[in-house]
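In what follows, a single structure is set out as structure tokens and then discussed.
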Amino acid sequence: MNTRGAIVMSGMSVIALVAAGCGSDATDEQATVETPPSSAEATTGVVVPGAEGAFQLPGEVGEDDAFTYDQVAVPVGSSVDVESDKGDGRTTVTFSATGLAPNRDFGVHVHTRRCGPQPADSGPHYQNDVDPAATPDKPSSDPAYANPQNEIWLDVTTDQSGNAQSSTTVDWEFRADEAKSVVLHAQRTMTGPGQAGMAGDRLACIDEDF
């Protein structure tokens with residue numbers, strides 16, 4: 001190899017070493033940055049700050065309203081975290097829970113009103129296309145409207161420690177100020193005519209502005 005070739009190769013080696021050093025520094029900096037929970041749309045959507053709180057008895061004051069109406073299924077001190085990620089006409093909602101009753105099913109849905117002292121205070125399920133036949137006294141149970149594509153269903157089965165996680169993505173975004181809570185129900189959500197969307201008693205509720 002002639003002298004000019006040796007100089008060129010040497011220069012390329014120096015550039016490669018500098019680039020490698022810069023890459024190492026960037027990696028070290030990124031390792032200290034906390035990242036939000038991953039979801040199907042996390043790289044393209046807008047993450048809405050999620051609700052996170054420990055369940056308490058109705059009437060007790062906390063930073064967030066997170067009420068349990070059944071301390072056996074949802075003990076005081078058990079907690080949930082809800083994250084919402086929206087963008088490009090789609091929404092992903094992720095639900096995580098710790099400390100619930102172990103090895104059991106829960107129906108989990110987004111509701112239209114905030115939590116209150118009574119289980120019914122959270123109102124009906126949020127629907128993208130609202131069932132015109134539904135009334136305050138008779139919530140939607142038509143599978144054409146009460147289904148996991150038109151509502152947010154996040155049913156879970158807890159492990160032996162009472163922990164669980166679920167996520168769903170729908171092809172729409174929430175209307176402003178119309179989805180305000182997440183409710184845990186006593187059983188998995190039914191789908192048949194006349195019972196679609198039903199999941200038994202409301203066991204707990206946490207406020208969340210989607």
Side-chain angles (χ1 to χ4, degrees), residues 50-60 62 64-84 93-128 130-131 133-168 170 178-208 210:
E52 181 177 6
F55 287 109
Q56 58 194 350
L57 295 174
E60 294 184 2
D64 295 301
D65 283 341
F67 300 137
T68 175
Y69 310 113
D70 185 322
Q71 295 184 65
V72 175
V74 184
V76 170
S78 60
S79 63
V80 299
D81 178 43
V82 181
E83 297 289 342
S84 178
V93 181
T94 301
F95 172 88
S96 302
T98 58
L100 304 179
N103 303 314
R104 67 157 293 168
D105 294 334
F106 291 87
V108 183
H109 309 131
V110 171
H111 283 242
T112 60
R113 300 176 187 166
R114 293 190 180 280
C115 308
Q118 302 301 318
D121 290 341
S122 53
H125 296 178
Y126 178 91
Q127 293 185 328
N128 181 51
V130 179
D131 184 350
T135 68
D137 297 325
K138 187 179 180 182
S140 177
S141 59
D142 181 347
Y145 295 92
N147 62 67
Q149 289 76 46
N150 193 48
E151 301 181 349
I152 297 295
W153 294 8
L154 294 157
D155 294 9
V156 294
T157 300
T158 55
D159 62 18
Q160 61 184 1
S161 299
N163 304 328
Q165 184 177 38
S166 64
S167 181
T168 188
V170 291
E178 292 190 30
K180 298 183 177 181
S181 62
V182 174
V183 173
L184 281 69
H185 293 260
Q187 63 189 49
R188 283 190 168 271
T189 311
M190 294 182 282
T191 59
Q195 60 183 9
M198 297 181 182
D201 292 341
R202 302 182 189 196
L203 305 180
C205 179
I206 182 170
D207 283 347
E208 164 70 348
F210 290 98

Next item on the list: State, to 0.1 Å, how close T189 and G107 come at their nearest heavy-atom pair, and which atoms those are.
Entry: OG1-CA, 4.3 Å
Next item on the list: Examine distances only and state if a side-chain atom of D207 and a backbone atom of R114 form a donor-acceptor pair shorter than 3.5 Å.
Entry: no
For residues 142-149, dump all side-chain donor-acceptor pairs below 3.5 Å to protein atoms at least two apart in sequence or in another chain.
from, atom 1, to, atom 2, distance (Å)
D142, OD1, A144, N, 2.9
N147, OD1, Q149, N, 2.9
N147, OD1, N150, N, 2.9
N147, ND2, P143, O, 2.9
N147, ND2, A144, O, 3.2

Notebook entry, point to check: Rounded to the nearest 0.5 Å, how far apart are CG of D121 and SG of C115?
Noted result: 9.0 Å
Notebook entry, point to check: Do F95 and L184 have side-chain heavy atoms sitting under 4.5 Å apart?
Noted result: yes
Notebook entry, point to check: Could you give the distance from NE2 (H125) to OG1 (T112), rounded to the nearest 0.5 Å?
Noted result: 9.5 Å
Notebook entry, point to check: Just how far is it from atom CG of D65 to atom NZ of K180, taken to the nearest 0.5 Å?
Noted result: 12.5 Å
Next item on the list: Flag the pair V80 / F55 as yes when at least one side-chain heavy-atom distance between them is below 4.5 Å, and no otherwise.
Entry: yes
Checklist line | Minimum heavy-atom distance F67-P117, with the two atoms named | finding: CE1-N, 4.4 Å
Next item on the list: Could you give me the CA-CA distance, side-chain angles and deciding distance for N128 and V170, then say whether side chain to side chain contact (heavy atoms under 4.5 Å, CB included) is met?
Entry: CA-CA 10 Å; N128 181 51; V170 291; over 6 Å; no
Next item on the list: Say whether, by atom type as modelled, one donor and one acceptor occur between the side chain of R104 and the main chain of A186 under 3.5 angstrom.
Entry: yes
Next item on the list: State the CG-CG distance between L203 and L100, to the nearest 0.5 angstrom.
Entry: 9.5 Å
Check: What distance do T157 atom OG1 and N103 atom CG have between them, rounded to the nearest 0.5 Å?
Finding: 9.5 Å
Margin query: Testing the 3.5 Å rule here: is there a donor-acceptor pair between the side chains of Q195 and S141?
Written below: no
Notebook entry, point to check: Where the side chain of S181 meets the backbone of C205, is there a donor-acceptor pair that is under 3.5 Å apart?
Noted result: no
Next item on the list: Check for a donor-acceptor pair, side chain of D70 on one end and backbone N or O of V72 on the other, with a separation under 3.5 Å.
Entry: yes
Next item on the list: Show the numbers, then the answer: is there a side chain to side chain contact (heavy atoms under 4.5 Å, CB included) between H109 and D155?
Entry: CA-CA 8 Å; H109 309 131; D155 294 9; 4.0 Å; yes
Notebook entry, point to check: Checking side chain to side chain contact (heavy atoms under 4.5 Å, CB included) for the pair V82/F210: CA distance, chi angles, key distance, verdict?
Noted result: CA-CA 10 Å; V82 181; F210 290 98; 4.0 Å; yes
Check: Nearest heavy-atom pair of H185 and G200: which atoms, and what distance?
Finding: ND1-O, 3.2 Å
Item checked: Heavy-atom side-chain proximity of E208 to V110 below 4.5 angstrom -> no
Checklist line | Sidechain-backbone polar pair: H111 side chain, G123 backbone, donor-acceptor under 3.5 Å | finding: yes
Next item on the list: Please assess D105 against Q187 for the test side chain to side chain contact (heavy atoms under 4.5 Å, CB included), listing each intermediate value before the final yes or no.
Entry: CA-CA 6 Å; D105 294 334; Q187 63 189 49; 5.7 Å; no
Checklist line | Side chain S166, main chain L154, donor-acceptor under 3.5 Å | finding: yes
Note to self: I need the minimum non-hydrogen distance between G197 and W153, along with the two atoms involved.
What the structure shows: CA-CZ2, 3.8 Å
Check: Side chain of T158, backbone of A101: donor and acceptor closer than 3.5 Å?
Finding: yes
Margin query: To the nearest 0.5 Å, what is the distance between CG on N163 and OG on S78?
Written below: 10.5 Å
